[in-house]
Amino acid sequence: MSEKPSVLVVDDDESFRSLVADRLTRTGHRVAAAPEGESALTLLEGVEVAVVDLLMPGMDGLTLLKRLRTSNPDIAVIMLTGHGTIDNAVEAMKGGAADYLQKPCSLAEVELRISQVWEKSRLRKENQQLRAALQHVSPYHGIVGRSAPMQAVFELIRKVKDHPTPVLIEGESGTGKELVARALHFDSTRKEMPFVAVNCATLQETLLESELFGHKIGSYTGATQDKRGLLEIADRGTLFVDEIAETHPNVQSKLLRVLESGEFRSVGDVKEKKVTVRLVAATNKDLRAEVGKGRFREDLFYRLNVVSIRLPPLRDRGDDIALLARSYLLRKGRTIGDGAMATLMGHSWPGNVRELFNTLERAVLFNSSGRIDVIEIPSGTGAPAPKDGTLEEVELAHIKRVLESVQWNISRASEILGTSRRNLHRKINQYNLKK
Ligand SMILES: Nc1ncnc2c1ncn2[C@@H]1O[C@H](COP(=O)(O)OP(=O)(O)OP(=O)(O)O)[C@@H](O)[C@H]1O
Ligand SMILES: [Mg+2]
């Protein structure tokens with residue numbers, strides 16, 4: 001960006017036009033000038049500020065303003081309202097002019113206004129860029145991620161968060177399903193309403209049923225008083241049903257009914273209750289496959305699967321591993337050395353973000369300096385090798401994965417693989433590996 005803006009002067013008044021153009025050129029501006037609108041529109045290349053007379057033969061100033069705004073909204077337009085009526089100025093400002101100036105006016109005044117609107121639009125642009133950059137790096141409701149698959153997840157959350165339809169979140173263990181469920185609620189218009197979570201894997205069937213739907217006093221031994229179910233507690237908010245694949249068929253059919261009509265009956269009750277709850281369900285199983293095996297109701301699956309958010313495994317998120325590690329360590333007041341980071345990047349993280357954070361927690365615990373230089377990953381959690389592969393196939397797959405994880409940085413890859421750079425090059429040739 002140069003010091004002075006590039007200016008376009010459009011005025012049918014020949015002497016005024018050339019005076020302004022001369023003055024601006026002398027003070028270091030790049031200047032283009034036109035006597036009327038049509039030719040002005042052919043001179044927009046690189047223009048940052050336009051000074052436009054309101055009354056001109058042919059296309060009038062307001063029309064030109066409109067055309068300028070549509071062809072390049074970044075151009076700041078100053079209107080010259082030669083005829084002193086405030087109406088014209090108001091009209092111009094409404095049409096998106098940055099400022100207006102009443103003729104007659106001094107050349108110094110024209111120059112001053114140009115530099116003012118230029119400064120303003122420069123600040124606005126900088127602001128926009130900063131905001132865009134911030135949006136990129138700051139986590140979305142606590143969810144750290146800059147990789148393309150995670151950006152797609154954020155976009156989907158934003159798109160569906162305010163709808164009443166249920167959402168199914170699928171993903172391997174530790175990929176952040178619960179965080180997504182929370183974002184769906186706390187970024188939505190329901191955020192002032194309750195967010196209630198229940199984990200179906202930790203409760204046996206009858207207990208889960210009474211947790212979800214409530215029970216009447218005396219409905220079973222131990223039911224010493226009426227109990228409101230979580231559905232009722234979550235009314236008008238969100239109920240997060242975690243590990244939904246683990247639910248018993250009886251609970252599945254009751255949930256289906258809630259999804260269809262909002263109605264349910266507490267255990268031991270004859271009265272119907274009705275709620276308006278947004279249901280968000282999560283599973284680390286392939287729910288469709290569970291349907292195929294007869295373990296999950298097909299109709300409930302289709303009801304839930306209207307919107308499905310699939311969380312990618314951490315190994316498919318590229319640089320997010322480094323981003324997540326840095327953001328975790330920042331909170332613990334630690335930095336990380338290149339070698340340790342390469343170890344993190346080279347691992348396949350079958351336990352996903354949870355495993356990454358656990359590994360870092362351990363590293364922090366054993367670290368007395370401020371910088372983590374060594375990362376130990378417990379054995380048994382390494383990359384899944386191809387099933388029934390030959391030794392060569394397994395080696396090939398492993399080398400390839402490590403190379404990709406460090407963007408083909410040979411030094412780093414050989415460090416991770418515990419071999420010399422020369423040996424690694426030999427293997428790359430042997431297996432004909434390419435970037
Ligand atoms: N993208 C992320 N950014 C920051 N923290 C994350 C991210 N993903 C997961 N975590 C953290 O990792 C841990 C596991 O996440 P979460 O409990 O949401 O996983 P999950 O998919 O529900 O796993 P499971 O299926 O085992 O219940 C949590 O501590 C969570 O805060
Ligand atoms: Mg979970």
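When a ligand or atom number is given, it counts from 1 through the structure's own listing order. Here the structure is a predicted model, which is why all the values come from computation and not from measurement. The chain is numbered in sequence order, starting from 1.
Under the 4.0 angstrom criterion for non-hydrogen atoms, G142 is in contact with ligand 1. Not a single heavy atom of G145 sits closer than 4.0 Å to an atom of ligand 1.
Sorted by first and then second residue, the salt bridge (charged side-chain N to carboxylate O under 4.0 Å, His left out) pairs involving residues 422-433 (not counting sequence neighbours) are E395-K427.
The nearest protein atom to atom 20 (P) of ligand 1, hydrogens excluded, is given as K177 N, 3.5 Å; this is a heavy-atom distance. Nearest protein neighbour of atom 30 (C) of ligand 1, counting heavy atoms only, is L179 CD1, 3.8 Å. In terms of protein heavy atoms, atom 16 (P) of ligand 1 is closest to G176 CA, 3.7 Å. If you check which protein heavy atom lies closest to atom 29 (O) of ligand 1, you get F357 CD2, 4.5 Å. When only non-hydrogen protein atoms are considered, atom 1 (N) of ligand 1 lies nearest to V144 O, 2.9 Å. Looking only at heavy atoms of the protein, atom 22 (O) of ligand 1 is closest to E178 N, 3.4 Å.
Judged by distance alone, the side chains of R317 and S147 never bring a donor and an acceptor atom under 3.5 Å apart. Judged purely by distance below 3.5 Å, without hydrogens or angles, the side chains of R401 and S348 never pair a donor atom with an acceptor atom.
Contact check on R257 versus E272 returns a salt bridge, with a Lys/Arg side-chain nitrogen under 4.0 Å from an Asp/Glu carboxylate oxygen. Using a 4.0 Å cut-off between charged nitrogen and carboxylate oxygen, D226 and R228 do not count as a salt-bridge pair.
The nearest protein heavy atom to atom 9 (C) of ligand 1 is closer than 4.0 Å.
Contact annotation for L324 and ligand 1: only side-chain heavy atoms (C-beta onward) come within less than 4.0 Å of the ligand.
Scored by the salt bridge (charged side-chain N to carboxylate O under 4.0 Å, His left out) test, K161 finds no partners at all (sequence neighbours excluded).
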